[in-house]
Engineer: 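Let me begin by handing over the structure; questions about it come next.
If you're wondering where the values come from, they're calculated on a predicted model, not measured in any experiment.
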Amino acid sequence: RKTTTDPYPDLWISHMKLLTHNLLMCNNKGCNMNNYPLHIRPVQVERKEKQFNEAFMRHMLGKLEWSAIVSASKALNFVVPEEIPAEQDEPFLRTLHQVINELDVVSGALVCSNCNREYPIENGIPNMLLSEEEV
């Protein structure tokens with residue numbers, strides 16, 4: 001639990017960030033087409049400032065599925081360019097940092113566009129567990 005005396009309070013409570021979302025897909029039985037990215041249906045979103053690391057952002061840029069970042073950002077009412085700009089200057093990298101590191105989805109759902117399976121997000125944790133019938 002997070003307390004005022006914790007030396008590393010952010011290690012105790014970590015909500016779902018768009019960096020995490022960029023890795024998730026529906027694994028429902030038979031759902032193997034159009035199951036990525038999951039659409040975010042947010043209920044509560046928080047923004048928590050984190051230290052900017054330009055080298056990390058440049059490294060991550062090549063690993064992200066940009067179209068998923070764009071759609072997730074729109075769902076959270078945050079604007080990013082539709083395409084990665086040719087020049088990835090510091091203002092662009094700071095915007096990307098805000099999107100993937102500072103936006104926390106505290107509650108809501110992730111929804112598969114193929115099978116419409118909803119994965120609830122509670123206390124910042126997406127529940128991706130499937131029932132026996134879905135495995």
Engineer: In this structure, which one of L18, V79, L103 forms a side chain to side chain contact (heavy atoms under 4.5 Å, CB included) with S73?
Structural biologist: L18
Engineer: Tell me whether L24 shares a hydrophobic cluster with W66, the cluster being built from Ile, Leu, Val, Met, Phe, Trp, Tyr side chains joined at under 4.5 Å.
Structural biologist: yes
Engineer: In Å, rounded to the nearest 0.5 Å, how long is the span from CG of L64 to NE2 of H59?
Structural biologist: 10.0 Å
Engineer: With distance as the sole test, does N114 use its side chain to make a donor-acceptor pair with the main-chain N or O of M33 at under 3.5 Å?
Structural biologist: yes
Engineer: How many angstroms lie between CD1 in I40 and NE2 in H21, if you round to the nearest 0.5 Å?
Structural biologist: 4.0 Å
Engineer: Specify the closest pair of heavy atoms between L130 and Y119, including all atoms of both residues, with the distance to one decimal.
Structural biologist: CD2-OH, 3.6 Å
Engineer: Taking the six-membered ring for Trp, are F52 and H97 parallel (under 30°), tilted (30 to 60°) or perpendicular (over 60°)?
Structural biologist: perpendicular
Engineer: Using every non-hydrogen atom in the two residues, find where P81 and P85 come nearest and quote the distance to one decimal.
Structural biologist: CG-CD, 4.4 Å
Engineer: Would you call M128 and L110 a side-chain contact if the rule is heavy atoms closer than 4.5 Å?
Structural biologist: yes
Engineer: Considering non-hydrogen atoms only, spot the tightest contact between V135 and K29 and give its length.
Structural biologist: O-CD, 3.4 Å
Engineer: Quick check: is L61 connected to M57 through a chain of hydrophobic side chains (ILVMFWY, heavy atoms under 4.5 Å apart)?
Structural biologist: yes
Engineer: For R47, is there an ion pair with E102 - N to carboxylate O distance below 4.0 angstrom?
Structural biologist: yes
Engineer: Work out which heavy atom in C26 is nearest to a heavy atom in N35; give both atom names and the distance.
Structural biologist: O-ND2, 2.8 Å
Engineer: Sorted by first residue and then second, give each salt bridge (charged side-chain N to carboxylate O under 4.0 Å, His left out) pair with at least one member in residues 63-81; sequence neighbours left out.
Structural biologist: K74-E82
Engineer: Taking the side chain as everything from C-beta on, heavy atoms only, tell me whether V80 gets closer than 4.5 Å to L96.
Structural biologist: no
Engineer: Side chain of S113, backbone of H39: donor and acceptor closer than 3.5 Å?
Structural biologist: no
Engineer: Is it true that D104 and K17 make a salt bridge, defined as a side-chain N closer than 4.0 Å to a carboxylate O?
Structural biologist: yes
Engineer: Nearest 0.5 Å, please: how far is OG in S107 from CD1 in I125?
Structural biologist: 12.5 Å
Engineer: Given the rule that I, L, V, M, F, W and Y join up when any side-chain heavy atoms are under 4.5 Å apart, are L38 and V43 in one cluster?
Structural biologist: no
Engineer: Shared ILVMFWY cluster between L23 and M16, side chains joined below 4.5 angstrom?
Structural biologist: no
Engineer: If hydrophobic clusters are built by linking Ile, Leu, Val, Met, Phe, Trp and Tyr wherever their side-chain heavy atoms come under 4.5 Å apart, do L93 and F78 end up in the same one?
Structural biologist: yes
Engineer: Supply the atom-to-atom distance R41 CZ to I121 CD1, rounded to the nearest 0.5 angstrom.
Structural biologist: 10.5 Å
Engineer: Just wondering, more than 12 heavy atoms not from R58 lying within 6.0 Å of its CZ?
Structural biologist: yes
Engineer: Please report the interatomic distance CG(N53) to CE(M60), rounded to the nearest 0.5 Å.
Structural biologist: 11.5 Å
Engineer: Could you tell me the separation between the CG atom of N22 and the OH atom of Y36, rounded to the nearest 0.5 Å?
Structural biologist: 4.0 Å
